[in-house]
Amino acid sequence: MALLDQWQEYAELQAGNQQAAQLFWGNYFNQEKEIYEQLLAADEVVSGTVQELADKYGMDIRSMAGVLDGINESLNSPNPIDTMEADTVVSLDYDKELLYKNMVGAAADWLYDLPQWDNLLTEERRKELYKEQKSSSTIVKGHKTGRNDPCPCGSGRKYKHCCGK
């Protein structure tokens, strides 16, 4: 069974008990935060096998698969996440702006508010990316033609007497 499948199965099992789920996700998010603090502060691209990265960050291999799944969309070259095993070599060569936007999109404020971002993106650029991400997920409804408005077909008649029938 691929690591991603193991991670998803394990995470779903935690949902059965609310108290256990809160503890599990609290621990996971703390570990994830520590990883991103190190990753954002690194001067070089982090890479290695999944097992090596799990050992480096003090995390079990299933949870490391969860972290790799979370960052995969923000990488310059995505990893083979669906077929990943312990000995699969992965690279965490991330696009910093895309990573920031994806963190905002996931509402992961514990990650996009990290002080390490100060060295990577200006505060002004972070605000721009934040606004871009938030506006891209906002649904804006178009104008609805009222029954007494002119018909959009251009006939010159009221909508209710033309196409609104």
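In terms of hydrophobic clustering, with Ile, Leu, Val, Met, Phe, Trp and Tyr side chains grouped at heavy-atom distances under 4.5 Å, I71 and L98 are assigned to different clusters. Under the 4.5 Å side-chain heavy-atom criterion for ILVMFWY residues, a single connected hydrophobic cluster contains both F29 and Y57. Under a hydrophobic clustering in which Ile, Leu, Val, Met, Phe, Trp and Tyr are joined whenever their side-chain heavy atoms come within less than 4.5 Å, directly or via other members, V89 and M64 fall into different clusters.
Contact annotation: the side chain of R147 never approaches that of K158 to less than 4.5 Å [non-hydrogen atoms, C-beta and beyond]. Using a 4.5 Å cut-off on side-chain heavy atoms (C-beta onward), T49 and V90 make no contact. Contact annotation: the side chain of L129 never approaches that of V104 to less than 4.5 Å [non-hydrogen atoms, C-beta and beyond]. W7 places none of its side-chain heavy atoms less than 4.5 Å from the side chain of V67. Counting heavy atoms from C-beta outward, D95 and S74 have side chains that stay 4.5 Å or more apart. When side chains are defined from C-beta on, Y36 counts as touching L99, because their heavy atoms get closer than 4.5 Å. Between Y28 and M59, the closest side-chain pair of non-hydrogen atoms falls below 4.5 Å. Y159 places none of its side-chain heavy atoms less than 4.5 Å from the side chain of P150.
A distance of 9.5 Å separates CG of L68 from CD1 of I61, quoted to the nearest 0.5 Å. In this structure, CE in M103 is found 14.5 Å from OH in Y130, a value given to the nearest 0.5 Å. A distance of 4.5 Å separates CG of N72 from CD1 of I81, quoted to the nearest 0.5 Å. Rounded to the nearest 0.5 Å, atoms OG (S155) and NE2 (H161) are 11.0 Å apart. Atom CG of D109 sits about 5.5 Å away from atom CG of D113, to the nearest 0.5 Å. S136 OG to K101 NZ: the interatomic distance, rounded to the nearest 0.5 Å, is 6.0 Å.
Between V45 and L92, the closest heavy-atom pair is CG1-C, 4.1 Å. Of all heavy-atom pairs between G58 and Q31, the closest is O-NE2, 3.5 Å.
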Note to self: Between N27 and L23, does the side-chain contact (heavy atoms from CB on, under 4.5 Å) criterion hold? Intermediate values first, please.
What the structure shows: CA-CA 6 Å; N27 289 334; L23 182 62; 3.9 Å; yes

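The environment of K131 atom NZ is sparse: at most 12 non-hydrogen atoms of other residues, nucleotides or ligands sit within 6.0 angstrom. Atom CD of Q14 has more than 12 heavy atoms from other residues, nucleotides or ligands within 6.0 Å.
Proximity of a side-chain donor or acceptor of D149 to a complementary backbone N or O of T145 within less than 3.5 Å is not detected. Distance alone, capped at 3.5 Å, is enough to place a donor-acceptor pair between the R126 side chain and the L121 backbone. At least one donor-acceptor pair closer than 3.5 Å links the side chain of W117 to the backbone N or O of L111.
With Y10 as the aromatic partner, R62 meets the cation-pi criteria of under 6.0 angstrom to the ring centre and within 45 degrees of the ring axis.
Between Y100 and Y112, the ring planes are perpendicular. Angles over 60° get that label, and only those under 30° would be called parallel.
For the pair R125 and E128, the salt-bridge criterion is met [side-chain N within less than 4.0 Å of a carboxylate O]. At a threshold of 4.0 Å, the pair K56-E52 does not count as salt-bridged, since none of the basic side-chain nitrogens sits closer than that to a carboxylate oxygen.
Between the side chains of E34 and N30, no donor N or O sits under 3.5 Å from an acceptor N or O.
Every pair passing side-chain hydrogen bond (donor to acceptor under 3.5 Å, both in side chains) that includes a residue from residues 76-92 is listed here, sequence neighbours excluded: N76-D93.
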